[in-house]
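Since the structure is predicted, the reported quantities are computational estimates derived from the model, not experimental observations. Within every chain, numbering begins at 1; the chains are lettered A, B, ... in the order of the sequence lines, protein sequences first and strands thereafter.
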Protein chains: 2
Amino acid sequence: MSRVTIADVASAAGVSKTAVSFAFNNPKRLGHATLERVLGVAEDLGYMPHPAARALSMRRSGTIGLLIPQRLSTVFANPFVSELIQGLGEQCEEHDLTLLLVPPLDGSLESAIRQASVDGFISLGLSPDDRALEVLDRLGIPTVLVDSDGSPAHPAINIDDEGGAEAAARHLLQLGHRQFAILVLPPARAQVNSTPTATRRLNGYRKALDSAGAPKPVTVVAGISVAAGARAFDSLPKVKDRPTGVLAMSDMAAIGVMSAAQASGLRIPEDLSVVGFDDVPASAWTNPPLTTVRQPIVEKGRLAARFLIQRMKGIKVESPAPLSTSLVVRNSTSRHIDSDLQIKGR
Amino acid sequence: MSRVTIADVASAAGVSKTAVSFAFNNPKRLGHATLERVLGVAEDLGYMPHPAARALSMRRSGTIGLLIPQRLSTVFANPFVSELIQGLGEQCEEHDLTLLLVPPLDGSLESAIRQASVDGFISLGLSPDDRALEVLDRLGIPTVLVDSDGSPAHPAINIDDEGGAEAAARHLLQLGHRQFAILVLPPARAQVNSTPTATRRLNGYRKALDSAGAPKPVTVVAGISVAAGARAFDSLPKVKDRPTGVLAMSDMAAIGVMSAAQASGLRIPEDLSVVGFDDVPASAWTNPPLTTVRQPIVEKGRLAARFLIQRMKGIKVESPAPLSTSLVVRNSTSRHIDSDLQIKGR
DNA sequence: GATCGCTGCTAAACCGCTTTACTAAAGCGG
DNA sequence: CCGCTTTAGTAAAGCGGTTTAGCAGCGATC
């Protein structure tokens, strides 16, 4: 009842284990007749090499790990990761690799890392002070970072967060907005500082706002989900200093803001302009379609996988220049006429 | 430079490998002093057990595989799978399991299965005649099927596809529609028949349409993507026998139909009613919000994982009753007045 | 006829861990 | 003081493959 092993095949075919192994991995080393016979017997017995045994002895598992700093249910609520996986997946398939999702187990990403039998890791949005990074170093497994700071040891794939954010803020500024709300990304994991990504985007917003002399924006941290965006909207000032433009660090949060605003009777974009970040596909179909900062997510995944595969081959690689972002203007933003008038009008 | 092994720790601590192993897996078997010492040395050396070696020797890898019949880039374009993973992930995290994505490698799902070191498989939308199923049987790895026919060997998690489809069609019928287009799901993999899911949904649509004596619908197969939905719309008859209601087997395709229709100047729902299937979150934000058949996707994932975990414990389980579906009526469907009048009016 | 180089195959070591079976020493009741 | 159970630890046998080193046979070469 138990699994067919290489020894079973060997004895059934009347050859050594070596011969069976050669039949699969190095067929030229066998005579034609025995090759056929071994393969035949293996097929009959339904033999397939045990992956773990293979991994142990070959020192490669054929798998790369995607390190996810949060629970799968929260991360996969954001289409961002689906897009990223599309990019990663393309490269994985091209190189015959499978993709292991590694979320924190038992609250600990470190212990999850240990358990994972992979040839390399792609880690998503880790803070530079996350302890998981030490473990990664220690293990000596090739790693590439996405959306966090690189190090000499590990290349990082990033986008021009600051530039994107700046463009978003300038867009709203040009439309006449002065009162802003900024929806900040939460830290990747509890007990850890906010991610470099969040910091850079915030810097971009601030830079634009400051240089235009806009009043200090209200900032609220919002998770990357529609519900979180909705909650964020509810916590915004509604009368005095009411923001007329909101800068969200994710499309999901922006969508949440829009629906909460609409539910409360506001019109988008007439009463409230909102701009997102990421440009996930869904942003094109929302009502109204979302103005947002586009980043090439699929490309990011593809690049990360490519870099990792290079590193796995032992090729040293440097972090590439940040991928460029661009503002895509749709219909969730519009000119803000005059805030006093508008307040009187309500 | 190479990895720290258990033997290194053992000799550094002046104990046997067994002792080191016990220190981690069976601490009670060691005296307090040695336990501390071994753990200390291990920490200093940065020792972590090799996962493949562990998996080999323990006969468990701590990961479950998600068998995906198509390329990751096509599957992850559909939020359905994100939702499913949220459900799976919840259970995985609860049981300290990681999740391995297993797409066809080199065009072959079978070979990908072999490579995967997992304790169990969840397979997505496999046709009953898919060769991958044989491999699964042969391997003797616990498996649960999602969206395909169960077998004595493997339980399957399904939803009431037929009932859901029927409800969708009846809804349109009640609104006065007579001319229908049905967007059929493509087969999971080339060279394979269409999936039981697609068949059941089609049956549901037909049942409702037939019993209402509606004219034969036009059916077109559309992939599960917005682009595929848009193409499907383009291939629909535009004048004679123009459908006024479209029944899509996925929300993504439905969204594609809507945008293509709107791009061609049609109003939704006034000129064309469309209903989707799945009720992915995005369907609530589209313009107009999509009428669709809701299925409990996260729950489906959760259930599949739960069943698999049972099976992995050696507990025999039966396929559960199909999960129920429900029609959620939003604004992409409306009453159809009279087709002749309408055509004249245009 | 000894030597050489192939071809075709195998024995055995190894990958790094777990676990079973066993031993030596210590504790303990009588 | 003696047999008996615990306690603390070890040696060695797996787990199921891959791979190195080497051996036997054999026709070609000199």
Below 4.5 Å, heavy atoms only, C-beta onward: do [X] and [Y] meet side chain to side chain?
| X | Y | value |
| --- | --- | --- |
| B:Ile157 | B:Pro320 | yes |
| A:Leu100 | B:Leu99 | no |
| B:Leu124 | B:Leu84 | yes |

Which residues, if any, of residues 48-62 of chain A bring a heavy atom under 4.0 Å of DNA chain C?
-> A:Leu56, A:Ser57, A:Arg59
Grab the CD1-C1' distance between B:Ile6 and D:dA12 for me, whole Å please.
-> 14 Å
Please list residues of residues 110-121 of chain A whose heavy atoms come under 4.0 Å from any atom in DNA chain D, ordered by number; otherwise none.
-> none
Which residues, if any, of residues 14-31 of chain A bring a heavy atom under 4.0 Å of DNA chain D?
->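 Residues of residues 14-31 of chain A that come under 4.0 Å of DNA chain D are, in numerical order, A:Lys17, A:Thr18, A:Ser21, A:Phe22, A:Asn25, A:Arg29.
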Shoot me the first and last contacting nucleotide of DNA chain C against chain A, ordered 5' to 3', at under 4.0 angstrom to non-hydrogen atoms.
->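 Nucleotide range with atoms under 4.0 Å of chain A: C:dG8 to C:dG16.
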Shortest non-hydrogen contact from [X] to [Y]?
| X | Y | answer |
| --- | --- | --- |
| B:Gln115 | A:Thr98 | OE1-N, 4.5 Å |
| A:Phe76 | B:Ser82 | O-CB, 3.5 Å |
| A:Ser127 | A:Leu133 | O-CD1, 3.7 Å |
| B:Ala23 | B:Val38 | CB-CG1, 3.6 Å |
| B:Asp8 | B:Thr5 | OD2-N, 2.9 Å |
| B:Asp149 | B:Pro196 | OD1-CB, 3.5 Å |

Check step by step if side-chain contact (heavy atoms from CB on, under 4.5 Å) holds for A:Val102 and A:Leu66.
-> CA-CA 6 Å; A:Val102 185; A:Leu66 177 60; over 6 Å; no
For A:Arg302, which of A:Gln86, A:Glu94, A:Glu90 qualifies under side chain to side chain donor-acceptor pair (under 3.5 Å)?
-> A:Glu90
Residue from B:Val135, B:Leu67, B:Leu136 passing side chain to side chain contact (heavy atoms under 4.5 Å, CB included) with B:Leu109 =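 Result for side chain to side chain contact (heavy atoms under 4.5 Å, CB included) with B:Leu109: B:Leu67.
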Hey, could you give me each pair passing salt bridge (charged side-chain N to carboxylate O under 4.0 Å, His left out) that has a residue in residues 36-55 of chain B? Not counting sequence neighbours.
-> A:Arg138-B:Glu43
Would you tell me if any nitrogen or oxygen in the side chain of A:Tyr47 comes within less than 4.0 Å of OP1 or OP2 on D:dG16?
->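 No, outside the criterion.
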Pairing of B:Asp147 and B:Lys300 as salt bridge, 4.0 angstrom limit =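 Yes, B:Asp147 and B:Lys300 are salt-bridged.
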Is the CZ atom of B:Arg114 crowded by more than 12 outside heavy atoms at less than 6.0 Å?
->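 For B:Arg114, atom CZ is crowded (more than 12 foreign heavy atoms under 6.0 Å).
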Per the end-axis method with five pairs at each terminus, what is the bend angle of the helix from C:dG1-D:dC30 to C:dG30-D:dC1, to 10°?
-> 50°
